Every structure is written in C-alpha cells, then in structure tokens.
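Single-structure report; data block below.
Counting starts at 1 for both ligands and their atoms, in listed order. Given the structure is predicted, the values throughout are model-derived calculations rather than measurements. The figures that follow rest on heavy atoms only: side chains count, while hydrogens, waters and symmetry mates do not.
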Amino acid sequence: MLEKKVAIITGGTRGIGFETAKLFAQNKAQVIIFGSKEETVLEALDKLKTLDLQVDGYYPNLNDFDAIEKTMKEIIQKYDKIDILINNAGISANKKIEDTSIKEIDQILDLNVKALLYVTKAVVPYMKKQKNGVILNTSSMVSIYGQPSGVGYPASKFAVNGITKSLARELGPDNIRVNAVAPGIIKTDMVARLPKEVIDPLINSIPLKRIGTPNDIANAFLYLASDMASYVTGTILSVDGAAHN
Ligand code: NAD
C-alpha cells in the first residue's frame, strides 16, 4: 500500500511506533525511524533486519530545531523526498497536579507538543515543494475525555488535536493531509507489566472486552497514510474499543 513512499516515524524504536515501522516496511515504504538514543535505534533496526526489513534510523534531539533540520537535509539527500511523517514520540503522566514538578510539566509539553511542532515545521517545506504529503500525529483517548490525574498528558494531547485540525486547514491547499489517531489502552511494554488485578477491571470496562494492540494502531496509520484516505484530513480517528475512562 505504500510502495515508493518515504516515511519518517518518531518514537519508532518500540511500542506503537515500532509496530508501525514494521507494517509500513512490509507495505514497501522506505521507513526511517527516529529514537532518543543511538543504542535503542540500532537495536530496533537489528530487530527489523531479522524480519528482512531494511529500515533506516536517526536520533536527533527533538527539542533542538537545528538538529532536526540537519537530519531532514540528510534524509532528503539520501532519499530525495519525504512523503509521510508520523509524529509518534511521546511520554505520559499520572501524578496529581500538586505532586507534579515544574520540570515534569516542561518535559511532557516539550516532547508531546513542542517537538511535534518542530519536526513538522522542518518537514513541511519539503512537502510543500513536492505538492504532496501526509502528516499523522499520535493523540490519545485522553484528548477527548481527559483523565483524573496527570493533567499534563491530556493537556498535550488536546494540543495535538488542535494542531492536527489547524494544520489540515493550513496545508490542505498544498495537498498535504494532516490527521491523528487517538489510541485507547494499548498493550505496549508499560501496560504489559501491569498486574492481573489492574488489567482485568480495565478490560472489563472496555466494550470490546480487550486491550488494543500496537498493530491495531499501526493499521489505522496505514489506512490514513495510504491513498485509500486521499479525501480524509483534519480527522482524529479513535481506535479505542469505545473505552471511555
Ligand atoms: P513507548 O514508551 O513504548 O514508546 C515511546 C517512543 O517515544 C519510543 O520510541 C521512545 O524512543 C520515544 N521517546 C520517548 N522519549 C523521547 C524523547 N525525549 N525524544 C525522542 N524520542 C522519545 O510508548 P507507546 O505507548 O508506543 O507511545 C507512543 C505514542 O502513543 C505516544 O505519543 C503516546 O502518548 C501514545 N499513546 C499510547 C497509548 C498506550 O496505551 N500505549 C495510548 C494512547 C496514546
């Protein structure tokens, strides 16, 4: 579905981003993952190589615009174009506001909001020149329902939805589509480590009676990145089994 497309996926070393990198590469895209460290990027690339998938990787500091721009230049020199950007790197929060430090507030907004804007800003000029592009953001179901603690996380994901809807309007005339996927509870490492007594009530509260998989989210990204979604922009696609917590 993605033959000859060049796709960058931030936070591609594990979890949702890794699964999306795998699925995109299986669908014949040239995938480039971004991670926070050389070591985790190389580890992810090795895992993909064992599946016969040739993926490339970089680790620019996502809060350093100059470093991001330099990496994009290198990617353009090597691959000529950037068709798809998935802004997926993100961290979450769960502390009450009075227990949250200023540093923690800055960290979550720096990565989930500012880094997303920086990477997007660095890619848009190339997509405009190509008159073609797809930008996809990883939001969350907390961007619709909020959550009872860790307010920095829904704050960041409400911002992601606002960015998605605004840039869809700004960049539509340049044939650049911008959408987000809002996952529910997804079985990444963090969730997999939770004890049965925490997981079972969670599962019970979800109408589809199961936790989502990274592949459920990767499939949504594949649809939105492909030409099957050529008239879809400005959408926040919930993939959450109708979980409302
Ligand atoms: P994960 O922790 O498994 O992966 C996070 C990725 O982000 C990693 O590849 C990591 O390298 C990268 N990252 C973390 N800090 C970084 C930094 N400072 N600089 C650059 N990269 C950094 O998490 P995941 O669950 O796969 O989450 C991916 C996205 O999905 C996030 O945006 C998250 O908010 C969102 N999400 C996850 C769930 C869930 O239940 N797992 C639910 C809703 C939304």
Scan [options] and name whichever one has a side-chain contact (heavy atoms from CB on, under 4.5 Å) with [X].
X: F221; options: V134, T138, I84; result: T138
X: I82; options: N132, V124, V123; result: V123
X: M141; options: I186, I185, I236; result: I185

> What residues form a side-chain hydrogen bond (donor to acceptor under 3.5 Å, both in side chains) with N204, not counting sequence neighbours?
Replying inline: K209
> Measuring from I8:CD1 to L85:CG, what's the distance to the nearest 0.5 Å?
Replying inline: 6.0 Å
>> Strictly under 4.0 angstrom, heavy-atom based: which residues surround ligand 1?
In response: G11, G12, T13, R14, G15, I16, S36, L62, N88, A89, G90, L111, T138, S139, S140, Y153, K157, P183, G184, I185, I186, T188
>> Are K22 and L53 packed together at the side-chain level, in the sense that at least one heavy-atom pair is separated by less than 4.5 angstrom?
In response: yes
